[in-house]
Amino acid sequence: MLTKETRINNFHAEYLDVVQHWSPTSAKYAGGDALVTFLSNGWALRTEVKVEDRYFAGMRSVSVYHMELERDGETIKMPVLRNPYVNRIVRMGEFTLVSMEAS
């Protein structure tokens, strides 16, 4: 359950004229632009965010934020690739980050 409303207006950030559709059946991961589109369309983020670190060839890594969004009783799980804009949303939203390895 959401403990506080976390919508795009709460983050004092605008993403100029970006509309990015995303579906878990069409792409494994979403980008920050898809997350912003969902937030702009009235979806709210749950405050617990799971973090998965993916390693490639043992040297490069990328973090994936596993987020749950809710709107009108419907929920969707969105794995979002970490980038500076998404980091800002996470930081400003005061989310609880939980390692995927720990869960």
Side-chain angles (χ1 to χ4, degrees):
M1 179 182 246
L2 298 173
T3 58
K4 65 180 178 178
E5 195 168 84
T6 52
R7 301 199 189 280
I8 193 66
N9 297 349
N10 297 35
F11 304 118
H12 309 288
E14 291 186 28
Y15 218 69
L16 301 174
D17 297 324
V18 172
V19 175
Q20 181 63 47
H21 300 284
W22 177 83
S23 167
T25 59
S26 65
K28 188 171 184 176
Y29 302 108
D33 49 356
L35 175 62
V36 170
T37 298
F38 272 70
L39 294 172
S40 296
N41 288 330
W43 290 82
L45 283 167
R46 293 192 177 188
T47 55
E48 182 179 279
V49 175
K50 294 183 179 177
V51 181
E52 174 186 17
D53 293 315
R54 306 283 317 239
Y55 294 91
F56 302 95
M59 304 198 54
R60 291 186 310 122
S61 69
V62 65
S63 295
V64 179
Y65 291 125
H66 291 268
M67 301 179 158
E68 284 191 48
L69 296 101
E70 182 175 0
R71 181 179 73 178
D72 300 328
E74 183 181 355
T75 61
I76 188 168
K77 293 182 180 184
M78 179 183 281
V80 181
L81 296 173
R82 180 181 174 186
N83 66 47
Y85 187 78
V86 176
N87 288 346
R88 180 178 179 191
I89 290 174
V90 169
R91 185 178 65 249
M92 291 182 74
E94 299 177 6
F95 294 94
T96 302
L97 299 178
V98 178
S99 170
M100 289 286 285
E101 290 80 26
S103 54

* Before accepting this row, confirm whether a basic side-chain N of the pair Glu52/Arg54 lies closer than 4.0 Å to the acidic partner's carboxylate O. => yes
* Side chains of Lys28 and Val64: closer than 4.5 Å at any heavy-atom pair? -> no
* Asked: Where is the tightest heavy-atom contact between Lys77 and Pro79, given as atom of each residue plus distance?
  -> O-CD, 3.8 Å
* **Tyr65 and its side-chain contact (heavy atoms from CB on, under 4.5 Å) partner, picked from Ile89, Leu81, Val51** => Val51
* **Flag side-chain contact, heavy atom, 4.5 Å: Met67 against Val90** => yes
* Is any side-chain heavy atom of Asp53 less than 4.5 Å from a side-chain heavy atom of Ser61? -> no
* Spacing of Glu70 atom CD and Ile76 atom CD1 [to the nearest 0.5 Å] -> 12.5 Å
* Can you say whether the rings of Trp43 and Phe38 are parallel (under 30°), tilted (30 to 60°) or perpendicular (over 60°)? -> tilted
* **Minimum heavy-atom distance between Ala34 and Trp22, given as atom pair plus value** => CB-CB, 3.7 Å
* Structure fact -> In this structure, CD of Glu48 is separated from CD of Glu68 (nearest 0.5 Å) by 8.5 Å
* Between Arg46 and Thr75, is any pair of side-chain heavy atoms under 4.5 Å apart? -> yes
* To do: To the nearest 0.5 Å, tell me how far Leu35 CG sits from Asn83 CG.
  => 9.5 Å
* Asked: In terms of side-chain heavy atoms, does Asp33 have a donor or acceptor partner in Tyr85 at a distance below 3.5 Å?
  -> no
